[in-house]
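Here's the structure we're looking at; comments come further down.
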Amino acid sequence: AMTPFEYVRPDDVAGAVTMVSTDLGASYLAGGTTQLDLMKDGVLAPERLVDISRLPLRGITRRDDTLWVGALTTMEELAADPTVAERVYFVREALLLGASTQLRNMATIGGNLLQRTRCRYFRDPTGMMCNKRTPGSGCAALTGVARMHAILGASEQCIAVHASDLCVPLVALDAVVHIQGVGGQRSVPLTEFYVLPRDRPDIENVLEHGELITQVEIPLLPIGARSGYLKVRDRASYEFALTSAAAALLIEDGTITKARLALGGVGTIPWRAREAEAILNGAAVSDETFRAAAEVALRDPFTVSGTVFKVELAKRTIVRIMQTLSGSRS
Ligand code: FAD
Ligand code: SF4
């Protein structure tokens, strides 16, 4: 049963931002696919829900080589956009490999960036210790059931994975988050938006209470680049990633002239693999290159018994997407 709460629907962005910023008990509601589950489960109990779903932040605009995506655009709308299909194909793939059509018609892009972890201990407030839900209480996943957990950016404090598929190609692309607060607007690169758990797993990103995501700016890939999203999971559909890789390659005469690579299912934040990119850039298309990049990307994992298998699986995921994109394996 949910704790009673007040529901309000402001008419404009400024009104919404003021309502949440001035009230620590208030929370935004967009498509509700994450927020309402967490309230039903008793993980969150806001006193006031501020419905932003009808604010004018929905739609996609192209300006030169950039897409501007309103935070209330649905996952299904972004996946259907022709420029996305043509110039950042892996964004479309990541979206369509997530959730279900019904959910994607409700779920917004802003909400996707801010979805909470699927860690079962976080989502069960009657249960065990969880530093993310109750700071300082410990982490039940360390010795519990941890198959879907993180191996990069993880520590004894928290091994929860950031479960978004969409964010994986978005960090690879250097997408930028635009934010409205009571004091004005600011923008933050998505690669700097998420915060590693370290000793405060309850803090997940740089947003202040009440700051609203208004738009996400997505740079398009150069014409001729190939991109792909490979998602490895236990079931063929309707399941979060065990590991995933989002990659974009520009190849000229058998040489990789520009590589972008990010990993999902393995990081406490959507994981940009910059050291692997450095190995790929300027290297010849070959399995040796791909394997070297994969080794570097997974060089320093933090594992528990349930997640050890992910180290090799993630490496193979990287090699496989590289082979597919470069045409060295069909
Ligand atoms: P809400 O639930 O309304 O909000 C989520 C959070 O974000 C809340 O804290 C809310 O306050 C905050 N918020 C929302 N919008 C803004 C904004 N503009 N500014 C500031 N704060 C905001 N995702 C994947 O990537 N891959 C999957 O495979 C996948 N599978 C799923 C399967 C199921 C069964 C479910 C329930 C979800 C799945 N998801 C998956 C997650 C889904 O994509 C998110 O739940 C959804 O995108 C959240 O969007 P929403 O509009 O419903 O957000
Ligand atoms: Fe909580 Fe993180 Fe541990 Fe899960 S992994 S129980 S979210 S502290």
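FYI, side chains are in, hydrogens and waters are out, and symmetry mates aren't considered; it's all heavy atoms of this structure. One-based numbering, in listed order, for ligands and for the atoms of each.
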N/O to N/O below 3.5 Å, does that happen between A107 and ligand 1?
no
Protein contact of atom 33 (C) of ligand 1 - nearest heavy atom, named by residue and atom, plus distance
L103 CD1, 3.5 Å
Side chains of S21 and T18 only: does a donor on one sit below 3.5 Å from an acceptor on the other?
no
Has K231 got any heavy atom lying under 4.0 angstrom from an atom of ligand 1?
yes
Subset of ligand 1 atoms that lie under 4.0 Å from at least one heavy atom of G98:
26 (N), 27 (C), 28 (O)
Could you tell me whether T33 and ligand 1 have an N or O pair separated by under 3.5 Å?
yes
F90 six-ring centre to R260 NZ/CZ under 6.0 Å and within 45° of normal
no
Tell me, do H178 and W68 make a side-chain contact under 4.5 Å, heavy atoms counted?
yes
Backbone, side chain, both or neither: what part of L57 comes under 4.0 angstrom of ligand 1, heavy atoms only?
neither
Below 4.0 Å from ligand 2: does a non-hydrogen atom of R133 turn up there or not?
no
Counting non-hydrogen protein atoms only, what is the nearest one to atom 8 (C) of ligand 1? Give residue, atom name and distance.
Q35 OE1, 3.0 Å
Relative to atom 50 (P) of ligand 1, which among G70, G210, G31, A71 owns the nearest non-hydrogen atom?
G31
Can you report which non-hydrogen protein atom sits closest to atom 26 (N) of ligand 1, along with the distance?
D165 OD2, 2.6 Å
R316/E312 under salt bridge (charged side-chain N to carboxylate O under 4.0 Å, His left out): CA gap, chis, key distance, verdict:
CA-CA 6 Å; R316 290 186 191 180; E312 181 58 25; 3.0 Å; yes
Tell me the contacting part of R116 for ligand 1: side chain, backbone, both, or neither, using a 4.0 Å heavy-atom threshold, strictly below.
neither
Ion pair D81/R92, N-O distance below 4.0 Å:
no
Who's closest to atom 3 (O) of ligand 1 heavy-atom-wise, of A241, G32, G110, S53?
G32
Could I get the full list of side chain to side chain contact (heavy atoms under 4.5 Å, CB included) partners for V206, not counting sequence neighbours?
R186, V188, F193, V195
Shortest protein heavy-atom distance from atom 13 (N) of ligand 1, along with the residue and atom involved:
L114 CD1, 3.8 Å
Is there at least one pair of N or O atoms, one from L207 and one from ligand 1, spaced under 3.5 Å apart?
no
Going by heavy-atom distance to atom 49 (O) of ligand 1, choose the closest among A163, P270, G111.
G111
Sub-3.5 Å donor-acceptor pair from the side chain of R58 to the main-chain atoms of T73, do we have one?
no
Nitrogen or oxygen of Y28 less than 3.5 angstrom from that of ligand 1
yes
I want to confirm something. Looking only at heavy atoms, which of Q115, R104, M106 is nearest to atom 23 (N) of ligand 1?
Q115
Cationic N near anionic O, under 4.0 Å, R104 to E77:
no
Closer than 2.8 Å to atom 4 (Fe) of ligand 2, what protein N/O/S atoms do you find?
C119 SG
Where the closest heavy atom to atom 28 (O) of ligand 1 is concerned, which of S164, A30, A99 has it?
A99
Pairs of nitrogen or oxygen atoms closer than 3.5 Å, one from D37 and one from ligand 1: do any exist?
no
